Amino acid sequence: AVVSLSPMAVSGFVGVLVTSLNCLPIGNTDGGRVATALFGRQAGSVLTAFTLLCMFLLGLLGNDVALYYAAVAAVTQRDQEVPMMEEVEGVDDARALLSIIGFVVVALGVLPLPIGQGF
């Protein structure tokens, strides 16, 4: 069934989608920096590879947005990040909990993408 949406609703969805993609734990994006601060540089790199693999698999299942973003992120997000203060000092429990809640919100923002349909 086709649902008619106003341009304001479409632009709101695109805003949520772009912000959620930026918060995925990939490379030097906001989510990648949070993952590096929480888990360290090595685990952040592993999480980046895992996220890119999941995005490529979603793309192969028909999610065009995931495939395009994973391809662009794989090429542009290769550089190492400058060491952060949190890498040396560590992150307290309250900030770690807020970061995990943020990752859940990001997942809820990205998951409603229709699999098998382009955007």
Side-chain angles (χ1 to χ4, degrees):
V2 175
V3 177
S4 174
L5 292 176
S6 71
M8 188 69 75
V10 173
S11 63
F13 174 73
V14 170
V16 168
L17 177 65
V18 169
T19 303
S20 296
L21 290 174
N22 186 40
C23 291
L24 286 173
I26 298 174
N28 296 334
T29 62
D30 291 340
R33 291 178 177 161
V34 169
T36 302
L38 279 177
F39 307 119
R41 193 174 292 270
Q42 291 289 85
S45 297
V46 170
L47 192 56
T48 293
F50 178 74
T51 304
L52 285 174
L53 178 68
C54 289
M55 298 273 296
F56 275 120
L57 291 175
L58 279 174
L60 293 176
L61 291 175
N63 191 332
D64 294 340
V65 174
L67 183 63
Y68 296 146
Y69 186 75
V72 169
V75 172
T76 61
Q77 299 295 324
R78 289 191 212 166
D79 296 334
Q80 284 289 329
E81 185 67 39
V82 176
M84 298 175 279
M85 185 185 337
E86 282 76 17
E87 272 187 278
V88 177
E89 295 181 7
V91 178
D92 60 349
D93 292 337
R95 290 183 185 199
L97 180 64
L98 285 174
S99 300
I100 291 170
I101 291 170
F103 283 135
V104 169
V105 169
V106 166
L108 293 175
V110 174
L111 286 179
L113 287 176
I115 294 177
Q117 297 179 7
F119 178 64

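Computed from a predicted structure; not experimentally measured. Just the heavy atoms: all of them, side chains too, but no hydrogens, waters or symmetry mates, feed the values below.
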Using atom types as modelled, flag every donor-acceptor pair under 3.5 Å from a side chain in residues 48-61 to any protein atom, sequence neighbours excluded.
from	atom 1	to	atom 2	distance (Å)
T48	OG1	P25	O	3.4
T48	OG1	G27	N	3.2
T48	OG1	G44	O	3.0
T51	OG1	L47	O	2.8

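- A distance of 10.5 Å separates OG1 in T36 from CD in Q42, rounded to the nearest 0.5 Å.
- Note that CG of N28 is 10.5 Å distant from CG of D30, once rounded to the nearest 0.5 Å.
- In terms of modelled atom types and a separation under 3.5 Å, the side chain of T29 and the main chain of L21 share no donor-acceptor contact.
- Considering every non-hydrogen atom in both V34 and F103, the closest pair reads CG1-CZ, 3.9 Å.
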Determine all donor-acceptor pairs shorter than 3.5 Å in which one atom belongs to a side chain in residues 4-13; sequence neighbours excluded.
from	atom 1	to	atom 2	distance (Å)
S6	OG	A9	N	3.3
S11	OG	P7	O	3.2
S11	OG	M8	O	2.9

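- Annotation for D93: atom CG does not count as buried by contact number, only 12 or fewer foreign heavy atoms lying within 6.0 Å.
- Following chains of ILVMFWY side-chain contacts shorter than 4.5 Å, one cannot reach L24 starting from V16, and the two form parts of different hydrophobic clusters.
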